[in-house]
Each structure stands twice: as structure tokens, then as C-alpha cells.
*Asks:* 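Questions regarding the structure given below will be posed in turn.
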There are 2 protein chains.
Amino acid sequence: MPKQVDHDERRRELTAALLRIASTRGLQAVSMREVAAEAGVSLRVVQYYFANKQALLESGLAELGARMNRRAKQRAAAAIEPVGGERVEGEPSVGEMTARAVLAAVLGTVVPFDEQSRLDSMAWTAYYTAALTDPVLAAAGLTLPNALESFLTKRLAAAQQAGEIAPDRDPRIEVAGLLALANGLTSSVLSGQRSYEDATEIIEYHLDRLFGPADGLSRARVPSGEGSAGRISGH
Amino acid sequence: MPKQVDHDERRRELTAALLRIASTRGLQAVSMREVAAEAGVSLRVVQYYFANKQALLESGLAELGARMNRRAKQRAAAAIEPVGGERVEGEPSVGEMTARAVLAAVLGTVVPFDEQSRLDSMAWTAYYTAALTDPVLAAAGLTLPNALESFLTKRLAAAQQAGEIAPDRDPRIEVAGLLALANGLTSSVLSGQRSYEDATEIIEYHLDRLFGPADGLSRARVPSGEGSAGRISGH
DNA sequence: TCTGTTAGGATACGACTGTATCCAAACAGG
DNA sequence: CCTGTTTGGATACAGTCGTATCCTAACAGA
């Protein structure tokens, strides 16, 4: 077989170009020709690697989800090993973090904290809105948020069993509220109503209210002897 | 002068048709011809009453803001006079409601509670997303949320002076958090992740945490002798 | 070297977009 | 009744859209 072109790599470049357009000029500015121009290729190339526009858009949504996932894992890892991470193989996993640290890591990932995550949040918002009137996108776009919510709910319920939060709290309501809070704050950060620092302050404030005002910061490890305080962000 | 056509009325009909399309098929489905068809008139009529598409879209955004305003006021009035409203002229104004009742009314208005407000929230979300990449819409679309936030913040600060909430709370943070929560819940309700009842339960839950778990419900009037409990919504 | 497959350049089609123009009904004021 | 303005029907124009087609370089395997 002739030539040698890495199809996956090609598709990644085109998808990245698509997300660059969607995050700066909106999803309505995305056309096959615009994506081609942004990627520096011809229209035919976009057509060759994506059968139609729908496939291209779905690829963009999948890439966005993957990026969110990657960032959340990086945050969690940084919360476990805050300084210069030499992490041996028996390294602490997410299961050894306090529920508060997990929540702080995930919620801090939802709210845009640097230019790239701001752009991705822009694109994500555009997709989310489009999904409200497009059932095809809705199915693909809701799996990640739903998985996130059920993961956090289980994690917080376990933390409640361990006595980390008061027994009269409802983990499902708390998690749903925190995720809605983070999403709402994301909107206001994107529109310039609030800064990222304001948003994280509000989130930390709510985490304080949930986990008790005692500590006040997001301890990274579960206290085995005495935990070290790993500050993630805030003010 | 010939004919007699109420231009404002005509524009209202066209704007209503625009919002019907935007709320069911999205803002990208709005075209001059589609609006004409939805309103049952010819393309020329839409052109005649709106100089261009931009003016049409801005009219839609203004109408959405007006509807939100109207609903919030109706809610507030219903909270003051919960049963059969005979309201004499010295009627209780919003200034005589408890801060909690004001917050419950406003936040309950943000979250879609019936089919019409669900449709309007859909359209609002579409506009909000479009405003993220369109500075013209952004200016017009942010005035209402900003005014709402500053109004509620002042109201809550006054309530703090009156001892309705604990003195260590920051009214700015509380209001920003509650509004973000309501917006995030709206998103999840629109996408079908959560029901309206779930959303109001979460909001009431947070109001309980803010105003103290003592009462537990949104009392409508400021306690002059003994307030009557006006339940707005919930579960 | 020859061959057959792959990767893409060039071009075109029909549908739809916002906007503009032309012109004819409809009707109020003189 | 006449006239001039308002209202809107009909049509057109230049772009842009997603998609399809045709054809030719480029190159791996024989």
C-alpha cells in the first residue's frame, strides 16, 4: 500500500483546528472549509478524513472529553505529590486522597484556570448548548458529566461512612450542588463576570462548609500519621 | 397616513416567533425566512420591521430579559400574598419580604419551573453561549444578570445587618455562589440530568444552610408579629 | 520496472443565507 | 375623487454551506 499517512494523527490535527475555531469564534463559525484553512490543508483533506461534518463535530466532542479527563488526573496527581514529584511505584492513588482533595481537584478542573482550559471550556459550553437541541450530541456529551457525578457521589458517600462529613448530609445532593456550582461559576468566568480566583474562593468556601471549618484547606492525603497540607489553589 | 399597523405589536409577534424557533431548534436555526414562516408572514415583512438580522436577534434578547423580569415579580408577589391575592393599595412591597423569600423567589425563577420558562431558559442559554463569542450580544446580555446580582447582594447585606444571617458570612460570596448554583442547576435541568423538583430541593437545602436550619422554609413576610409561612416550592 | 492503491488537488452542484430592489395594492387626508 | 404614503408581495443577487465527482500525483509491493 502506497504513501504512509498516520490517519489518527491527521484526524487529531484536524480536530484540534476545529476546537480552535469553536473556542474562539463559536461552533457556528465551524465549517469544513474553515477547519481546512485553520489546519493549513485543503477542503478535500478534511473530507477525506471525516466522512461528513457530523463525524468531525463528534470527534471534537470526544477530544474535549479526553482533555478534561487528562487535566483532572494531572490535578489529582499534583495534589498527591505537591512538590517535585518523584513518585515511586507504590505511589499513592486517588483512593488514598481525602474526599475533600478529590472534590477540590475535580471542581478546580471544571472551572477554567489557564488560557488553554478557558478555551476548552468555551468549546465545551458551545457543544453543551448545541446538544440541547441535537439529540445525537446530547448522548455523547452527557456521558462524561454523568460518570463524574456518580463517581464523586460514591466517593463522598464513602467519606461520610468514614466520618469525614456530618451524617445528616446527603452526598447526592451535595455533589449535585457542587457540580452545578462549578458549572455556573465556569459560565460567569467565561463571560468575564468573575475571575478564576473568585470562583475558586467560592468553591473552597463551600467545601469548608461541607467538611467543617476546622481545617480550612484541602488536605491531600488521608491522615495516616499526620497529613501534609497540599494547597491546590485559592486565595 | 394610510393603513394602520401597530409596529410594536408586529415586532412583538415576530420576536415571539424568533424565540419559539430559538428555544426548540436552537439559535443556529434562526433565519429571516424561518422567522417569517413561523410567524405566518412573508420574508419581506420581517425585513420591513427589522432592518437586519442583528436587530431581530437583539430584540429577542431584550424580550427574554423582560420575560425573566416579569416572572420574578410575579413570584415575589405570589410569595407575599400566597392565597387569593386581594392586595389593598398599601400592599406589602418586596422591601417587606424576608431576604430568604426574595432569594427563593428569584432563584426559583432562574430555574425553569414550567414548560414556558423551560423554553425561555433554552433560548437564554443559546443567547448566552452566542454572547461568549459576540461582543455585541455580550453587552446586552450581561446587564440583567449583573443588576440581579448587585440587587441581591445589597438585599442580603441588609439582612445581615438585621441579624438574619450569621455575621461571618460574606453576602457577595453567598449571592455569587447561589446564582452560580441556580445557573448550573438550570443547565442540568435543561439537559434532563435533573428534574425541577431536584433543583429546587438543592436550592432550598442551600438556603437552609445559609439562613440557619431553624425554620427550614421560606417565610414570606418579615416577622412583625408572627409571620405566615408561604411555601414557594420544593419537595 | 510495472501496477494498483492511497492521498489529495480542482471543480462543481444544489440548497440556503442576508440583503436589496422593484412595484403594486391599501388606505388616510386633502 | 384624488393623491401620496404606508405596507407588503415577488424576485434577484452574491456568498457560503455540505457534499460529490473527476482525475492525477505519489508511492509500496510484485
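Naming convention: chains lettered A, B, ... in sequence-line order (proteins, then strands); numbering from 1 in each chain.
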*Asks:* How close or far is atom C1' of D:dT7 from atom NE2 of B:H7, stated in whole angstroms?
*Replies:* 8 Å

*Asks:* Is there a side-chain contact between B:R44 and the phosphate of C:dT19, meaning an N or O under 4.0 Å from OP1 or OP2?
*Replies:* no

*Asks:* How many whole angstroms separate atom CE of B:M32 from atom C1' of D:dA12?
*Replies:* 16 Å

*Asks:* Rounded to whole angstrom units, what separation is found between the CG atom of B:D6 and the P atom of D:dT7?
*Replies:* 10 Å

*Asks:* Which residue, A:Q47 or A:A29, contacts DNA chain D at a nucleotide closer to its 5' end, judged by nearest heavy atom?
*Replies:* A:A29

*Asks:* Classify the ring geometry between B:Y49 and B:H7 as parallel (under 30°), tilted (30 to 60°) or perpendicular (over 60°).
*Replies:* perpendicular

*Asks:* Is a salt bridge present between B:R100 and B:E204, judged by a nitrogen-to-oxygen distance below 4.0 Å?
*Replies:* yes

*Asks:* Starting from C1' on D:dG15, measure out to CD on A:E34 and report it in whole angstrom.
*Replies:* 13 Å

*Asks:* Can you check the B:L43 CG to D:dC13 P distance for me, whole Å?
*Replies:* 16 Å

*Asks:* Of all heavy-atom pairs between B:V189 and B:A199, which one has the smallest distance, and what is that distance?
*Replies:* CG2-CB, 3.9 Å

*Asks:* Tell me whether the OP1 or OP2 atom of D:dC17 has a side-chain N or O from A:S31 closer than 4.0 Å.
*Replies:* yes

*Asks:* Classify B:F50 by what it touches in the nucleic acid, base, sugar-phosphate, or nothing, heavy-atom distance under 4.0 Å.
*Replies:* nothing

